[in-house]
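Have a look at the structure below, then the notes.
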Amino acid sequence: MDTSSLFLQLFLCLTLLTGLAKPDPDLLQDYCIADTNSPLYLNGAPCLNPALALSSHFTTSALAKPGDTKANQFGFSVTLTTLASLPGINTMGITMARVDIAGNGLVPPHSHPRASEVTICLQGVILVGFVDTSNRLFSQRLEPGDSFVFPRGLIHFLYNTDLKKPALAISGLSSQTRAHK
């Protein structure tokens, strides 16, 4: 074996061992419209034939209506996009949520083990925050147009600081919901 071949093999081994060569896999197709009528359940849902794709598969009004904040003791409601309401979201690894919070309402501390979240305040004033793994609290007061990011897996909350007026936020999560029917 000559020196240049040995050097190339050593370089390739070091590159692979140090993790420098980790490309994302190429997409097999541009999108995968969820076939919500299929009895199969995979990672997401089976795909419709791309020739059957419509613009309506990529739009939803599921987040247009306020949720019932009186349905629980904390005074909040979360409405998620699902594969049934937004079939074009299938396999994209994202979800959107409408968060309605009554006056003095609280989305109690919780976490998303598989998703980071970005929340945008659309109405009202919302105190948001998360606790990192060192027990350090990061909090911020959001007014309409302000946004805040919750890192994946960390415990976080949202609180409407107005005692009477409702607050509204939209959140994007970096994980697809599992519900598809």
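Checked by atom type, the side-chain pair Thr79/Arg98 shows no donor-acceptor distance below 3.5 Å.
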Between Phe74 and Val107, does a side-chain contact (heavy atoms from CB on, under 4.5 Å) hold up when you go through it step by step? CA-CA 7 Å; Phe74 298 106; Val107 178; over 6 Å; no

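Applying the side-chain contact (heavy atoms from CB on, under 4.5 Å) criterion to Cys32, with sequence neighbours excluded, gives Gln29, Cys47, Asn90, Thr91. For Tyr159, the side-chain hydrogen bond (donor to acceptor under 3.5 Å, both in side chains) partners are Asn104, not counting sequence neighbours.
With hydrogens and angles disregarded, a donor-acceptor distance shorter than 3.5 Å links the side chain of Ser85 to the backbone of Thr82. Formation of a donor-acceptor pair under 3.5 Å by the Asn160 side chain with backbone atoms of Ile126 is not found in this model.
Annotation: the span from Leu80 atom CG to Gln176 atom CD amounts to 11.5 Å, rounded to 0.5 Å. In this structure, OG on Ser175 lies 7.5 Å from CG on Leu173, to the nearest 0.5 angstrom. Rounding to the nearest 0.5 angstrom, the gap separating the CD1 atom in Ile101 from the CG atom in Asp162 is 11.5 Å. The structure places CD1 of Ile33 at 10.5 Å from CG of Asp35, a figure rounded to the nearest 0.5 Å. With rounding to the nearest 0.5 angstrom, the CG atom of Leu158 is 8.0 Å from the CG atom of Leu142. In this structure, OG1 in Thr95 is found 9.0 Å from CZ in Arg114, a value given to the nearest 0.5 Å.
When all heavy atoms of Gly153 and Ser111 are compared, the closest pair comes out as O-CB, 3.7 Å. Closest heavy-atom contact between Ser174 and Ala115: OG-CA, 3.5 Å. In this structure, Ala169 and Thr119 approach most closely via the heavy-atom pair CB-CG2, 3.6 Å.
Applying the side chain to side chain donor-acceptor pair (under 3.5 Å) definition to pairs two or more places apart or across chains, none involves residues 121-136. The side chain to side chain donor-acceptor pair (under 3.5 Å) pairs that include a residue from residues 49-78 number zero, where partners must be two or more places apart or lie in different chains. Within the structure, every pair that satisfies the side chain to side chain donor-acceptor pair (under 3.5 Å) test and touches residues 147-158, not counting sequence neighbours, is listed here: His110-His156, His112-His156, Glu117-His156.
Membership of the apolar cluster around Ile170 extends to Leu63, Met96, Ile120, Leu122, Leu168, as traced through chained side-chain contacts below 4.5 Å between ILVMFWY residues.
Side-chain heavy atoms closer than 4.5 Å link hydrophobic residues (I, L, V, M, F, W, Y) into clusters, and following such links, possibly through other members, connects Phe58 to Leu83. Transitive grouping of hydrophobic side chains (ILVMFWY, heavy atoms separated by less than 4.5 Å) brings Phe150 and Val78 into a common cluster. Taking hydrophobic clusters as Ile, Leu, Val, Met, Phe, Trp and Tyr residues chained together by side-chain heavy-atom distances below 4.5 Å, Phe76 shares a cluster with Leu106.
A 6.0 Å sphere centred on CG of Leu154 holds more than 12 heavy atoms belonging to other residues, nucleotides or ligands.
No close placement of the Phe148 and Phe138 rings is indicated, their centers lying 6.0 Å or farther apart.
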